Student: 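If you scroll down you'll find the structure; I have some questions about it.
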Amino acid sequence: MVDYDAAVAAVQDPNADPILLAKIAYENPEFGANVAVNPRCYPGLKRWIAEFGDERARETLAQYGFTADAFGGPVQDQEALEQAAQQAAEQQPADAYVADQYAAAQQTAAVQTAAVQTAAAQPAADQPAAQQPAAQAAFEEPVATNPYGFTAEQALTTTDQMLIAQIAQYAPELRACIARNPNTYPALIEWLGQLGDPAINAALAFRQ
């Protein structure tokens, strides 16, 4: 569980780490409503809170148009959909903009995955000698050693932003796979790039 004072500070921080917000929502559910309104709360986390958060958190999201159906389906930004139907050129609220950006990233995931696979298939001779060891490590499937059951396949392919954040935090041996996953959100990509891990950096380089 996240320390109470640390959780209070994080949910009030407009530049909070999305991974920490996800951890707070999962381990400190009483802060769900506060996490939901934080500007760094990404759509995948809102979806999770709308489905599994406490009553206050779900009511808070409902006020912003985020709801989950009775079967635990995906959250839909109803306000954004209504505005798009009324006038495509009309400026959408901040939450709708984020949701649209997330959807656009999902649509390009297949293209990015193909680019990563093509780069991984290049012969070693085509790569600078200094980059070969790191590049090889980046594209070798690591052995999952975490106690939570996270796998390399999950890290490489999942579209669930909450799961991506949890793997990055609790399974450091799979971070290079998270860096290769085309669905990994920008804030986490930035954080991974700050770790200074050669395998992660090589994986990130192939995203560009």
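Given the structure is predicted, the values throughout are model-derived calculations rather than measurements.
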Student: How far does CG of N146 sit from OG1 of T151, to the nearest 0.5 angstrom?
Tutor: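 N146 atom CG to T151 atom OG1 measures 9.0 Å (nearest 0.5 Å).
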Student: Keeping the roles fixed (side chain from Q161, backbone from N183), state whether a donor-acceptor pair exists under 3.5 Å.
Tutor: yes
Student: Do you know the tightest heavy-atom contact between A179 and A203?
Tutor: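 Smallest heavy-atom distance, with atoms named: CB-CB, 3.8 Å.
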Student: Are more than 12 heavy atoms from other residues, nucleotides or ligands located less than 6.0 Å from atom OH of Y185?
Tutor: yes
Student: If you look at every heavy atom in D17 and I19, which pair is closest and at what distance?
Tutor: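 Closest approach of D17 to I19, heavy atoms only: OD1-N, 3.0 Å.
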Student: Are any side-chain N or O atoms of E173 and backbone N or O atoms of V143, one a donor and one an acceptor, separated by less than 3.5 Å?
Tutor: no
Student: So does G32 get a backbone contact from the side chain of D54, meaning a donor-acceptor N/O pair under 3.5 Å?
Tutor: no
Student: Please answer whether the main-chain N or O of A168 pairs with a side-chain N or O of R175 as donor and acceptor at a distance below 3.5 Å.
Tutor: yes
Student: Rounded to the nearest 0.5 Å, what's the gap from CD1 on I200 to CG on L192? Could you check?
Tutor: 5.5 Å
Student: Can you name the nearest heavy-atom pair linking A10 to L21, along with the distance?
Tutor: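 Looking at all heavy atoms of both residues, the closest pair is O-CD2, 4.1 Å.
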Student: Quick one: does any side-chain atom of D3 pair with a main-chain N or O of A6 as donor and acceptor, under 3.5 Å?
Tutor: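 Here the side-chain-to-backbone pair exists.
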Student: Once you round to the nearest 0.5 Å, how far does CE of M1 lie from NZ of K23?
Tutor: 10.0 Å
Student: Transitively linked via ILVMFWY side-chain contacts under 4.5 Å: I164 with M162?
Tutor: yes
Student: With a cut-off of 6.0 Å (strictly less than), are more than 12 heavy atoms of other residues, nucleotides or ligands near CD of E153?
Tutor: no
Student: Do L156 and Y148 belong together in a cluster built from hydrophobic side chains that touch within less than 4.5 Å?
Tutor: no
Student: Can you confirm whether more than 12 heavy atoms, excluding those of Q194, are under 6.0 Å from its CD atom?
Tutor: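 Result for CD/Q194: enclosed.
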Student: Rounded at 0.5 Å granularity, tell me how far CZ in F31 sits from OH in Y4.
Tutor: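 These two atoms lie 5.0 Å from each other.
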Student: Can you tell me if OH on Y170 sees more than 12 non-hydrogen neighbours from other groups inside 6.0 Å?
Tutor: yes
Student: Testing E51, K46, R56 for side chain to side chain contact (heavy atoms under 4.5 Å, CB included) with L61, which one passes?
Tutor: K46
Student: Is it true that a side-chain atom of N34 and a backbone atom of Q12 form a donor plus acceptor pair closer than 3.5 Å?
Tutor: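 Checking the backbone N and O of Q12 against the side chain of N34, no donor-acceptor pair under 3.5 Å is found.
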Student: What is the minimum heavy-atom distance between V11 and N38, and which atoms define it?
Tutor: O-ND2, 3.0 Å
Student: Between C41 and I49, which heavy-atom pair has the shortest distance, and what is it?
Tutor: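 Distance-wise, the nearest heavy atoms are SG-CD1, 4.4 Å.
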Student: What pair of heavy atoms forms the shortest contact from A155 to I178, and how long is it?
Tutor: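 Heavy atoms only, the tightest pair is O-CD1, 3.6 Å.
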Student: Is the shortest heavy-atom distance from the side chain of Q166 to the side chain of F150 under 4.5 Å?
Tutor: yes
